[in-house]
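Here's the structure we're looking at; comments come further down.
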Amino acid sequence: MSRVGVIGIGHGKFGRRSDATVQELAFEAFREALHDAQIPKSEIDATVIGAVPEYHKQRSVAGVIQEYLGLTPTPTWLTEVACASGSAAIRTAWMGIRSGMHKVVAVIGCQKMTELSTPEILALMGRVGEVQWESVFGTTFPAYYAMFANAHMHRYGTTRDQLLQVAVKNHFYGARNPNALFQKPITLEKARASEPVASPFCVYDCCANADGAACVILADESRARSIGGDRVVWLDGVGCATASMSVLKRPDLTGLPSAEQAARQAYQMAEVSARDIKVAEVHDCFTIAEIMAYEDLGFCEKGQGGRYIEARKPYPDGGGVAVNVDGGLKAKGHPIGATGVSMACEIVKQLRGEAGTRQIQGADVGLTHNVGGIGQYCFVHVFRRN
Amino acid sequence: MFSWFGKVSFVPFSKVQDFAVHLKDGRLMGSRCKSCGYQTFPPRADCPECLSGDFEFVEYTGQGKVFTFSTISAAPTGFEDLVPYTVVVVELHEGGRLLGWLGESISAEEVSIGMDVQTVPRIDESTEDIKVFYTIERAGTTWGKAPPPHLG
């Protein structure tokens with residue numbers, strides 16, 4: 001089978017972008033990706049948008065973006081799977097190319113989250129769970145992951161400090177990323193002292209809403225080789241799985257079965273194992289989510305995620321997989337539709353050796369792990385340099 | 001009548017809406033498929049095993065063990081007046097799980113995974129609207145029930 005390559009990446013500044021509309025954010029990322037690929041926009045024969053509609057006042061945003069990018073009449077469509085919408089967009093672009101229908105596809109993940117007022121955000125927050133049996137008791141997104149955290153702490157002895165060490169690490173990396181929302185290191189003491197949100201979590205266990213966009217341009221093998229030369233990074237493994245939305249139906253709350261399955265599929269397709277991964281972008285929407293990711297992706301044994309961060313394995317030269325080297329959702333910010341594409345941009349940058357002060361030496365195989373909701377959806381993508 | 005269930009209702013209609021009526025009468029109901037016998041909580045009208053839409057309610061004791069929990073300090077719309085409140089997931093002895101509020105008989109500091117608990121049907125007395133829910137209480141807690149409908 002022929003391969004699908006990434007030939008261009010573009011990434012805007014994440015944060016409160018009160019200066020721009022969602023299509024303007026998309027344009028920034030798209031323009032940078034075209035420049036990076038050194039191709040004119042006429043090379044693009046389809047666009048896939050990853051975004052979550054309920055945050056935008058503009059309805060059916062894919063068509064509006066396509067118009068603003070000057071890409072009509074080529075096709076576009078939107079993919080939506082909550083916080084994994086960006087990776088779903090990459091997957092459908094990959095499918096379009098592998099099917100032979102498209103040659104060069106622009107994937108844009110974008111989200112403008114700060115247009116909503118606080119009351120609108122709080123009302124939306126009340127409907128993140130299963131609304132018939134759970135949301136009626138005032139469940140929140142942090143509370144769902146907090147219930148995973150309590151289950152993990154109870155079964156494996158994971159500690160509060162281990163959870164917060166994830167936040168400290170991601171701020172350490174975020175300080176090296178000029179596109180990150182937060183670019184300052186934090187101390188464990190500062191993290192511990194933050195306000196409670198949903199026990200055991202406090203503010204520093206949680207990522208922040210943000211606005212932002214990111215773009216990757218994918219191409220079929222022959223176009224990728226002719227356009228990208230030796231800068232091409234190959235998307236060799238794509239995995240995707242689901243699990244129940246309701247916590248009432250999950251057999252276990254110490255991991256995400258969708259992540260385990262998606263990882264298995266992606267490793268198998270790319271013919272790699274967890275040991276081959278040098279750098280990973282994982283979905284750290286809450287600190288426990290990154291600890292579960294270490295385990296679900298096979299970076300450590302089940303239950304050892306807390307010890308993995310305590311031993312500083314995901315730091316540069318830590319002896320493990322370098323994780324969330326752009327700051328992750330925690331420090332970079334989480335514009336939900338953009339996140340999966342942003343992750344892919346960072347891995348491509350790392351595998352090209354173009355990540356500057358945050359470059360992980362010897363990075364030749366990397367992955368992204370993008371979760372929707374509390375694991376209803378998970379996409380794992382494996383990228384290789386050669 | 002499903003809008004009776006919960007502090008804020010998002011789903012006013014459901015094929016299992018009589019669940020809320022039974023809860024008002026003090027009964028916690030799961031469902032059983034009349035075709036293949038599949039029993040579950042929360043109740044559902046459509047059987048995931050045999051695909052039959054023919055079901056009946058079956059009364060649950062509400063006894064179970066704490067599966068997990070969290071105390072919420074940052075609340076969504078409609079729940080601000082309750083903070084902090086604790087949500088608990090209970091593994092029911094008869095199978096299935098529910099999510100509800102920790103009641104007054106157990107403190108937030110005391111609740112722990114694996115603890116034996118009792119789910120108790122409740123009516124919100126603070127409003128003229130009918131609002132029903134359940135709380136998670138110390139094992140052995142008792143409550144009143146209305147007479148069965150066929151006797152009333």
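Fair warning: this is a prediction, and the values are worked out from it, not measured in the lab. Proteins come first, then strands; the chains are lettered A, B, ... in the order of their sequence lines, and each starts at number 1.
In this structure, the ring of A:Phe201 has its center no less than 6.0 angstrom from the ring center of A:Tyr145. Taking the centre of each ring, B:Tyr134 and A:Trp133 stay at or above the 6.0 Å mark.
For the set A:Gly126, A:Ala146, A:Ser199, the count of heavy-atom pairs under 4.5 angstrom toward chain B peaks at A:Ser199. Among B:Pro84, B:Ser9, B:Pro43, the residue making the largest number of heavy-atom pairs under 4.5 Å with chain A is B:Pro43. Ranked by heavy-atom pairs under 4.5 Å with chain A, the first of B:Ala75, B:Gly100, B:Gly78 is B:Gly100. Comparing B:Gly6, B:Pro76, B:Ser14 by how many heavy-atom pairs each has under 4.5 Å with chain A, the most go to B:Pro76.
By the neighbour-count criterion of 12 heavy atoms within 6.0 Å, atom CD of A:Glu189 is densely surrounded, having more than that number from other residues, nucleotides or ligands. In A:Arg192, the CZ atom is crowded: over 12 heavy atoms of neighbouring residues, nucleotides or ligands sit closer than 6.0 Å. Remark: B:Glu110 CD is packed, more than 12 non-hydrogen atoms of other residues, nucleotides or ligands lying under 6.0 Å away.
Looking at B:Leu98, only its backbone comes within 4.5 Å of chain A, counting heavy atoms on both sides. In this structure, the portions of B:Phe5 lying under 4.5 Å from any heavy atom of chain A include both its backbone and its side chain. The part of A:Pro119 that comes within reach of chain B is its backbone (N, CA, C, O), which places non-hydrogen atoms under 4.5 angstrom from that chain. For B:Thr40, the part lying near chain A is the side chain, with the backbone staying farther off; criterion is any non-hydrogen pair under 4.5 Å. Using a 4.5 Å cut-off between heavy atoms, B:Val16 touches chain A through its side chain atoms alone.
Salt bridge absent: A:Glu260 and A:Lys302 never bring a charged side-chain N and a carboxylate O closer than 4.0 Å.
Taking the side chain as every heavy atom from C-beta outward, B:Leu99 and A:Thr139 approach each other to under 4.5 Å.
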